[in-house]
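A short write-up of the structure that comes next.
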Amino acid sequence: MFSTRKRLKGRNSHSNCYYSVTLCCDNRVPIFANYLYAVDAAKAIYYLEDKVETICFVLMPDHLHWIFQLRPQQNLSAVIKLYKSMVTMSIRKRKGRKVVVWQSNFYDHQIRDENDLIHQARYVVANPLRARLVKHVGDYPFWNCIWL
């Protein structure tokens, strides 16, 4: 694992740009195999509609892939921090105790153009298929895409 401090150094985000983001659970523990935790994590995406426009997402048992466009005056790191905090607080409330949900870092890719956006979205949506969690993406409960 690489240093979060080094990873975040120099990260600049830009309003109105599209980002593909991957957030992993701490030690890749499949926290979202628990249905209620997964529901909370999926709902939290929609609570941030004033900060991002979600293009697509898929919540896997141990990580989240999320593509969105930052709204004006928003910062990528701040949005991710808020999302992680919301999900962690909801899971702690359900468990009744302190838990660590997320790795401290995250991976992001600024989308370059429309072809890159389409490629990234296809990759994200197909994740449950590649992981052999379902045979048809429509059978997986924790995903959404504005184009489907």
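Source: prediction; values computed, not measured.
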* To do: Could you tell me whether the side chain of L64 reaches within less than 4.5 Å of the side chain of Y83, counting heavy atoms only?
  => yes
* Going hydrophobic residue to hydrophobic residue with side-chain gaps under 4.5 angstrom, can you get from V134 over to V137? -> yes
* Asked: Are the side chains of K51 and L82 in touch, meaning some heavy atoms are under 4.5 Å apart?
  -> yes
* To do: Would you confirm whether S85, through its side chain, and K81, through its main-chain N or O, come within 3.5 Å as a donor-acceptor pair?
  => no
* Treat each ILVMFWY residue as a node, draw an edge where side-chain heavy atoms are under 4.5 Å apart, and state whether L48 and M89 are in one component. => no
* To do: Show the numbers, then the answer: is there a side-chain contact (heavy atoms from CB on, under 4.5 Å) between Y19 and F68?
  => CA-CA 6 Å; Y19 290 91; F68 55 80; 4.3 Å; yes
* To do: Would you name the heavy atoms of V99 and K95 that are closest together and state the gap between them?
  => CG1-CD, 3.3 Å
* Asked: With respect to F142, which candidate in Y35, F57, Y37, W66 satisfies the ring pair (Phe, Tyr, Trp, His ring centres under 6.0 Å) definition?
  -> Y35
* **Approximate separation, where rounding is to 0.5 Å, of Q103 CD and D26 CG** => 6.5 Å
* **Any H65 side-chain heavy atom under 4.5 Å of Y123 side chain** => yes
* Asked: With a 3.5 Å cut-off and no angle check, do the side chains of Y46 and N144 form a donor-acceptor pair?
  -> yes
* Which atom names give the shortest non-hydrogen contact between I31 and V100, and what distance separates them? -> CD1-O, 4.0 Å
* Verify side-chain contact (heavy atoms from CB on, under 4.5 Å) between V125 and V58, making sure each step is shown before the conclusion. => CA-CA 6 Å; V125 171; V58 65; over 6 Å; no
* **Side-chain ion pair, D50 and R71, N-O less than 4.0 Å** => no
* Structure fact -> Between the CD1 atom in I91 and the NZ atom in K93, the distance rounded to the nearest 0.5 Å is 13.5 Å
* What distance separates E53 CD from I67 CD1, expressed to the nearest 0.5 Å? -> 12.5 Å
* Take V29 and D62 through the side-chain contact (heavy atoms from CB on, under 4.5 Å) test and state the conclusion after the steps. => CA-CA 6 Å; V29 172; D62 65 351; over 6 Å; no
* To do: To the nearest 0.5 angstrom, please state how far the CD atom of Q69 sits from the CG atom of N16.
  => 5.5 Å
* Starting at OG1 of T22, measure out to CG of D108 and round the result to the nearest 0.5 Å. => 9.0 Å
* To do: Report yes if some heavy atom in the side chain of F106 is under 4.5 Å from a heavy atom in the side chain of S77; otherwise report no.
  => yes
* Is there a side-chain contact between K84 and L23 (heavy atoms, below 4.5 Å)? -> yes
* Supply the atom-to-atom distance M86 CE to T88 OG1, rounded to the nearest 0.5 angstrom. => 11.0 Å
* Asked: Side chains of V21 and L76: does their closest heavy-atom pair fall under 4.5 Å?
  -> yes
* **Residue pair M60 / P128, side-chain heavy-atom distance below 4.5 Å** => yes
* Asked: So, do F32 and H63 have ring centers that fall under 6.0 Å from each other?
  -> no
* Where L59 and A42 come nearest, the two heavy atoms and their spacing -> CD2-N, 4.2 Å
* If you count the non-hydrogen atoms of other residues, nucleotides and ligands that lie under 6.0 Å from CZ in R92, is the total more than 12? -> yes
* Asked: Same hydrophobic cluster for I118 and V124, using side-chain heavy-atom links shorter than 4.5 Å among ILVMFWY?
  -> no
* Over all heavy atoms of both residues, which pair between S90 and D40 is shortest? Give the atoms and the distance, please. => OG-CB, 3.4 Å
* For residues L117 and S20, determine if any side-chain heavy atom of one lies less than 4.5 Å from a side-chain heavy atom of the other. => no
* Does atom CZ of R130 have more than 12 heavy-atom neighbours from other groups under 6.0 Å away? -> yes
* Specify the closest pair of heavy atoms between N75 and A78, including all atoms of both residues, with the distance to one decimal. => OD1-N, 3.0 Å
* To do: Could you please spell out the steps behind the side-chain contact (heavy atoms from CB on, under 4.5 Å) verdict for T54 and I146?
  => CA-CA 8 Å; T54 296; I146 63 170; over 6 Å; no
* Measure from NZ or CZ of R112 to the centre of the six-membered ring of Y18, then state whether that distance is under 6.0 Å and the direction lies within 45° of the axis. => no
